[in-house]
Protein chains: 2
Amino acid sequence: MLTIKEIAEMANVSRSTVSRFLNDSGYVSEEARKRIDKVIKETGYIPSEHAKSLRTKKTKVIGVILPTIHTETSSKIVAGIDNELAKQGYQILLANTNLDKEKEIEYLDLLKVRQVDGIILVATNTEERLVKKVQEMNLPIVIIGQHMPGVTSVVYDDFHASKEITNYLVEKGHKKIAFIGVDETDRSVGYFRKKGYYSAMNEHRLEVNSTWVQTAIFDIDSGYKAMKRILTKSSILPTAVFAVTDRLAIGAMSYLKEQGLLVPDDIAVASIGASEISRYVDPSLTTVDYHNEMAGKQAAKQILAIISKTEYQEKILLNYRLIIRNSV
Amino acid sequence: MLTIKEIAEMANVSRSTVSRFLNDSGYVSEEARKRIDKVIKETGYIPSEHAKSLRTKKTKVIGVILPTIHTETSSKIVAGIDNELAKQGYQILLANTNLDKEKEIEYLDLLKVRQVDGIILVATNTEERLVKKVQEMNLPIVIIGQHMPGVTSVVYDDFHASKEITNYLVEKGHKKIAFIGVDETDRSVGYFRKKGYYSAMNEHRLEVNSTWVQTAIFDIDSGYKAMKRILTKSSILPTAVFAVTDRLAIGAMSYLKEQGLLVPDDIAVASIGASEISRYVDPSLTTVDYHNEMAGKQAAKQILAIISKTEYQEKILLNYRLIIRNSV
DNA sequence: CTGAAAGCGCTTACAG
DNA sequence: CTGAAAGCGCTTACAG
């Protein structure tokens with residue numbers, strides 16, 4: 001591999017001068033500049049990032065920790081991050097936890113060792129150990145999807161989105177509305193979305209039968225099973241169901257169809273996510289668009305701002321948009 | 001940050017000895033070992049990967065170049081790669097081309113500069129410039145999805161999969177079978193899948209009306225439009241259509257429904273992909289499962305084998321599996 | 001079994 | 001405007 005030393009020799013200058021030329025730092029005479037430029041073009045020399053990192057302590061790499069890589073939400077967030085970072089010549093070092101909370105913590109250390117310039121964490125929980133770890137990282141860090149005190153975060157407006165979609169069901173004449181949620185250690189998807197649902201129900205003085213509220217995990221099959229529990233355990237059947245993710249809703253619809261129930265005539269279904277497919281299931285799904293690419297983009301912007309010490313907001317609350325289709 | 005020098009001082013040994021201890025290379029006496037171990041545990045010292053890389057020329061990072069990050073296929077491949085690499089302590093440096101062929105080439109250089117230990121390229125074409133670049137990389141490299149001479153590759157059996165699914169349509173009594181493909185510069189998805197289709201049609205001596213064969217790009221809407229072209233331009237309507245990807249098929253079904261045509265009664269639909277959603281569209285889609293996670297896993301294994309100079313195969317042909325559902 | 005020294009490829013005060 | 005020198009945090013022959 002070609003090094004700065006060889007370039008310097010070929011151009012008849014010192015390494016310092018080549019370095020100055022490369023980084024546009026300090027003066028380099030016109031003649032020297034020309035000679036160096038020529039040599040670099042001829043040889044195709046590219047400086048070693050590692051040597052550079054060792055000196056400057058900058059790597060132009062951002063670590064991204066994800067709970068899972070193969071969902072649409074994750075990949076859109078990563079796409080958003082990547083697009084924004086690429087503009088500034090940064091790259092992504094990926095760390096996939098596979099929903100293992102222990103790894104979420106481990107990866108924070110691992111990425112630090114790799115000397116990333118910053119970390120974007122797509123968080124699934126706000127357990128104390130994780131929060132503490134994040135706060136002690138001493139490295140630019142941005143959280144997506146959860147709020148942690150003292151940490152820059154990009155969050156979805158789970159409470160209001162959830163409330164709005166429940167309100168929409170009420171507007172459409174529904175009074176008996178079931179709910180498929182997830183575990184509340186996930187503050188955003190679990191806790192706040194449930195809270196939004198209850199808030200809407202309370203304001204309309206609608207009763208919530210305990211069997212209407214079921215907890216699932218993040219896959220289609222789990223939505224199917226939750227819907228089954230709702231139908232089999234309830235003495236009074238709901239006329240609508242709000243599932244906190246599209247996949248859960250799709251699972252629920254799949255069970256309803258199997259039972260010969262019509263959506264939305266017998267039971268209306270709504271959810272949050274606006275996955276590409278939500279348009280193409282039958283009937284098409286009424287859902288909320290969370291602008292995941294925007295979340296990634298904003299997180300990238302924030303981390304870049306922290307690194308360059310320009311201004312940034314500690315908390316960015318993202319917009320959402322209700323998409324009305326045929327499942328309600 | 002703590003360095004090896006400080007650890008050495010604290011443990012009363014030289015840096016060399018600490019290094020030997022860390023890497024299990026060469027002798028370290030029991031006493032020295034104990035002292036070093038103690039100091040490291042107490043301080044939580046972690047060696048700098050950059051300094052290490054600078055010396056050893058190894059980074060434990062594999063660059064992964066993807067045409068796009070937000071499709072199910074991509075994310076499954078990445079998940080497969082990641083799982084396998086993580087076992088050996090390797091990480092992924094992500095490079096997303098957004099389907100820009102120019103970037104595919106640029107990123108090869110960029111990743112090389114980043115000193116990755118190897119590159120996995122999820123390729124979309126086999127244009128000469130790219131192939132030449134890959135062959136000249138002089139760095140462990142594995143291609144997924146395309147075959148390039150002299151380059152280790154993990155490929156899907158596009159020709160046979162395509163032929164088999166066409167044969168299946170014929171078995172089901174279809175004689176007039178349309179085809180929605182993509183541009184043939186994508187050898188795998190474009191060229192070989194089309195070839196498989198023609199091969200099956202020829203062997204059964206079935207005629208292919210030129211208006212039945214349409215070219216699309218990789219999104220749902222494009223499948224919708226291609227189906228529209230088939231129906232509006234054909235004097236003889238097909239009774240079945242084979243789309244080369246699930247998304248294309250879903251777009252096609254969406255147009256058919258809009259026209260009041262029934263799937264599969266009026267027109268049967270089949271495709272390749274086995275995306276999660278293919279089960280949940282209505283009717284559920286007959287498709288081919290390509291084991292994308294396995295592709296990623298195999299590619300990761302290959303690259304690790306190349307790096308460690310153990311045996312590896314130059315070409316791995318993956319299995320596929322026909323999934324028979326209700327759209328045919 | 002251990003340590004001194006050189007070197008990996010850069011950048012950055014500093015002196016001129 | 002330029003170069004010599006030190007240093008970033010490691011590893012690796014080599015000598016003892």
Side-chain angles (χ1 to χ4, degrees), chain A residues 1-40 43-61 89 109-117 139, chain B residues 1-40 43-61 89 109-117 139:
Chain A
M1 212 178 80
L2 227 44
T3 73
I4 198 172
K5 192 170 162 230
E6 302 171 80
I7 301 298
E9 280 164 7
M10 292 169 76
N12 249 302
V13 292
S14 71
R15 282 134 78 204
S16 322
T17 306
V18 177
S19 176
R20 265 183 239 115
F21 171 87
L22 252 21
N23 300 296
D24 238 334
S25 57
Y27 297 103
V28 178
S29 70
E30 202 45 47
E31 293 101 85
R33 198 173 282 279
K34 268 184 197 155
R35 289 203 308 276
I36 298 171
D37 194 45
K38 187 155 168 272
V39 172
I40 289 180
T43 56
Y45 163 74
I46 306 173
S48 151
E49 289 291 335
H50 286 284
K52 209 184 264 186
S53 299
L54 186 57
R55 271 298 315 223
T56 63
K57 308 292 184 194
K58 299 268 165 259
T59 58
K60 288 233 164 191
V61 172
D109 276 326
L110 187 57
L111 290 172
K112 197 171 179 181
V113 174
R114 294 267 187 206
Q115 238 100 291
V116 295
D117 289 348
L139 189 76
Chain B
M1 211 177 82
L2 225 46
T3 72
I4 199 173
K5 190 169 162 230
E6 302 171 80
I7 300 300
E9 280 163 8
M10 291 168 76
N12 249 302
V13 291
S14 71
R15 283 136 75 205
S16 322
T17 306
V18 177
S19 176
R20 266 184 238 112
F21 172 86
L22 252 21
N23 299 294
D24 237 333
S25 56
Y27 296 103
V28 179
S29 68
E30 203 43 48
E31 292 100 88
R33 200 173 283 278
K34 269 184 196 153
R35 290 204 308 275
I36 298 171
D37 195 45
K38 187 154 169 273
V39 172
I40 289 180
T43 56
Y45 163 74
I46 305 173
S48 151
E49 289 290 334
H50 286 286
K52 207 183 266 188
S53 299
L54 187 56
R55 272 299 312 226
T56 62
K57 308 292 185 194
K58 299 268 165 260
T59 57
K60 289 236 165 188
V61 172
D109 276 326
L110 186 57
L111 290 172
K112 197 171 179 180
V113 174
R114 294 267 186 205
Q115 238 100 293
V116 294
D117 290 347
L139 189 76

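To find a chain, count down the sequence lines: A is the first, B the second, and so on, and within it residues start at 1.
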**Prompt:** Taking all atoms of both residues into account, what is the closest heavy-atom pair of D117(B) and K57(B), and its distance?
**Reply:** OD1-O, 4.1 Å
**Item:** Contacts of type salt bridge (charged side-chain N to carboxylate O under 4.0 Å, His left out), residue K38(A), not counting sequence neighbours
**Value:** E42(A)
**Asked** Using a cut-off of 4.0 Å on non-hydrogen atoms, how would the nucleic acid contact of S16(B) be classed: base, sugar-phosphate, or nothing?
**Response** base
**Request:** Over all heavy atoms of both residues, which pair between F21(B) and I36(B) is shortest? Give the atoms and the distance, please.
**Result:** CD2-CG2, 3.6 Å
**Request:** List in numerical order all residues of residues 22-39 of chain A for which some heavy atom is under 4.0 Å away from an atom belonging to DNA chain C.
**Result:** N23(A)
**Fill in**
Note: contacts of residues 44-56 of chain A with DNA chain D (heavy atom, under 4.0 Å) are L54(A), R55(A)
**Asked** Just checking K57(A): base, sugar-phosphate only, or nothing, at a heavy-atom cut-off of under 4.0 Å?
**Response** sugar-phosphate
**From CG (L54(A)) to NZ (K52(B)), nearest 0.5 Å** = 13.5 Å
**Prompt:** Between OG1 of T56(A) and NE2 of H50(B), what distance do you get to the nearest 0.5 Å?
**Reply:** 9.0 Å
**Message:** Testing the basics here: between L2(A) and Y45(A), what is the closest heavy-atom pair and its distance to 0.1 Å?
**Reply:** O-CE1, 3.6 Å
**Prompt:** Given that R20(A) and R15(A) both sit by DNA chain D, which one's nearest nucleotide is further toward the 5' end?
**Reply:** R20(A)
**Request:** Check each of V13(B), V18(B), I40(B) against R35(B) using the side-chain contact (heavy atoms from CB on, under 4.5 Å) test, and report the only one that passes.
**Result:** V13(B)
**Asked** How close do R114(A) and T59(A) get, heavy atom to heavy atom, and via which atoms?
**Response** O-CG2, 4.4 Å
**Message:** Rounded at 0.5 Å granularity, tell me how far OG1 in T17(B) sits from CG in N12(B).
**Reply:** 11.0 Å
**Complete:** Closest non-hydrogen contact found for P47(A) with L22(A) is CG-CD2, 4.0 Å
**Request:** Please name all residues satisfying side chain to side chain donor-acceptor pair (under 3.5 Å) with D37(A), sequence neighbours left out, ordered by chain then number.
**Result:** K41(A)
**Opening and closing nucleotides of DNA chain D in contact with chain B, under 4.0 Å to non-hydrogen atoms** = dG9(D) to dT12(D)
**Message:** For G89(B) versus K60(B), what's the shortest heavy-atom pair and its separation?
**Reply:** O-CD, 3.8 Å
**Asked** Dot-bracket for DNA chain C, 5' to 3', counting Watson-Crick or G-U wobble pairs under 3.5 Å, with [ ] for crossing pairs and | for inter-strand pairs?
**Response** |||.||||||||.|||
**Prompt:** Where the side chain of S19(A) meets the backbone of R15(A), is there a donor-acceptor pair that is under 3.5 Å apart?
**Reply:** no
